[in-house]
Amino acid sequence: MTTQEFLGKKEFTIHTQTVSESCPSNIALIKYWGKYENQIPANPSISYTLNHCKTNTSMEFIADETFSVQTFLSGNEEVKFAEKIEKYFKNIEPYLPWILKGKYIIRTENTFPHSSGIASSASGFGAIAKCLMKLDEIFTGEITEEHSLKKASFLARLGSGSACRSLYNGLVVWGTSDEVAGSSDLYAVKYPDSEIHEIFRDFNDWVLLIHEGQKSVSSTVGHGLMKTNPYAERRFQEARENFVPMKEILKSGDLHQFIKLVEHEALTLHAMMMMSDPAFILMKTGTLEVINKIWDFRKETGLPLFFTLDAGANVHLLFPSDNSKEKITTFIERELLLHTQKNGVVKDIMKF
Ligand code: DP6
């Protein structure tokens, strides 16, 4: 299946060229878990784009050589990743007709630790898609910035679904939702800043590294398990429905309802994995201990510290940058860090 809007220009002039781009990771509030053919999401999702956790990528295109891809992650050659990228490039040829007419050397570096529960596939494919659009602009001529970003998001999605949300800052929606004008299953759109209360425009995401090993289920396998999960349709429906309160919450700044919804989404994602066949429990003891401590802390202090989870054991601690921040960070340092493997925490912000 090809998508007319993004088909590539047939006329192009290629030459050897190196481009570099950087792209942040993102953390979903309403989660994408379950997809159809061609990377079409089973439900819409919304995420915060992080400010600091990024992938920096340089892409050397050597024109007129036999198509091949070589990749280096922090200087070390990664053969498996190169194979994945080769497959990806072949898949997106209709959209970039010059793409197989040369050899690539891709060097990539993350500003955050590997296997930290921060999606490196999101920032990684985001950065690759941006590099490709830069080359496309050079080889095919003028292209508007708006179209370039939209097409980069479209291309990133074909590499990794959540990557398409990393192309924009702030809050970003991917997947068709009646609640979000212009939303699409094919690419992400920026959630309008004017519809977001100021409390949500300066937020913290501190990722507690509870378990730094490899995940026991890849997201590809995880999404696949939703095909036979008896609760899947209800879950997809619930995610769609959750956009209704989310929209109101974002506008009004109702932190209490925000916390309830975001934590519910995280727990639902893990509940889906527990109800899959085979079942997966990706939380570790430390994950549960941290969640219980957060709940106790909120009960005792009423302060807005809460969590979300990705498909792993690490906990994303979320809290606003208001006058509660100091008490919250003191609590994290004193009470929550001891549940990490090596005092591991990645401190990021979402400010826009
Ligand atoms: C739990 O985007 O990694 O982080 O499309 O197969 O590459 P693929 O999956 P991926 O899935 C992310 C799932 C999630 C939730 C989310 O980011 O919305």
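For reference, positions follow the sequence shown, starting with 1. Counting starts at 1 for both ligands and their atoms, following the listed order.
Using a cutoff of 4.0 Å between basic side-chain nitrogens and carboxylate oxygens, Glu333 and Lys347 are scored as salt-bridged.
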Measure from every N or O atom of ligand 1 to the protein's N or O atoms and keep only the pairs below 3.5 Å, writing each with atom names and distance to 0.1 Å.
unit_1   : atom_1 : unit_2 : atom_2 : d
ligand 1 : 2 (O)  : Ser160 : OG     : 3.3
ligand 1 : 2 (O)  : Ser162 : N      : 2.8
ligand 1 : 2 (O)  : Ser162 : OG     : 2.7
ligand 1 : 3 (O)  : Ser219 : OG     : 2.9
ligand 1 : 4 (O)  : Asp310 : OD1    : 3.2
ligand 1 : 5 (O)  : Tyr32  : OH     : 2.6
ligand 1 : 5 (O)  : Lys35  : NZ     : 3.4
ligand 1 : 5 (O)  : Gln39  : NE2    : 3.3
ligand 1 : 5 (O)  : Gly161 : N      : 2.7
ligand 1 : 6 (O)  : Lys35  : NZ     : 2.8
ligand 1 : 7 (O)  : Ser160 : OG     : 2.7
ligand 1 : 9 (O)  : His223 : NE2    : 3.0
ligand 1 : 11 (O) : His223 : NE2    : 3.0
ligand 1 : 17 (O) : Arg165 : NH2    : 2.7
ligand 1 : 18 (O) : Tyr32  : N      : 2.9
ligand 1 : 18 (O) : Arg165 : NH1    : 3.0
ligand 1 : 18 (O) : Arg165 : NH2    : 3.3

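Grouping Ile, Leu, Val, Met, Phe, Trp and Tyr residues whose side-chain heavy atoms lie under 4.5 Å apart, directly or via other members, places Leu167 in a hydrophobic cluster with Leu149, Tyr168, Val172.
Between Phe258 and Phe306, the ring-plane angle classifies as perpendicular under the 30° and 60° cut-offs.
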- Decide side-chain contact (heavy atoms from CB on, under 4.5 Å) for Thr308 and Glu265; before the verdict, give the C-alpha distance in whole Å, the side-chain angles of both, and the deciding distance to 0.1 Å. CA-CA 8 Å; Thr308 189; Glu265 274 288 322; 5.9 Å; no
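Ring centroids of Trp33 and Phe236 are separated by 6.0 Å or more, keeping the two rings apart.
A donor-acceptor distance shorter than 3.5 angstrom exists from the side chain of Arg157 to the backbone of Leu186, with no hydrogens or angles considered.
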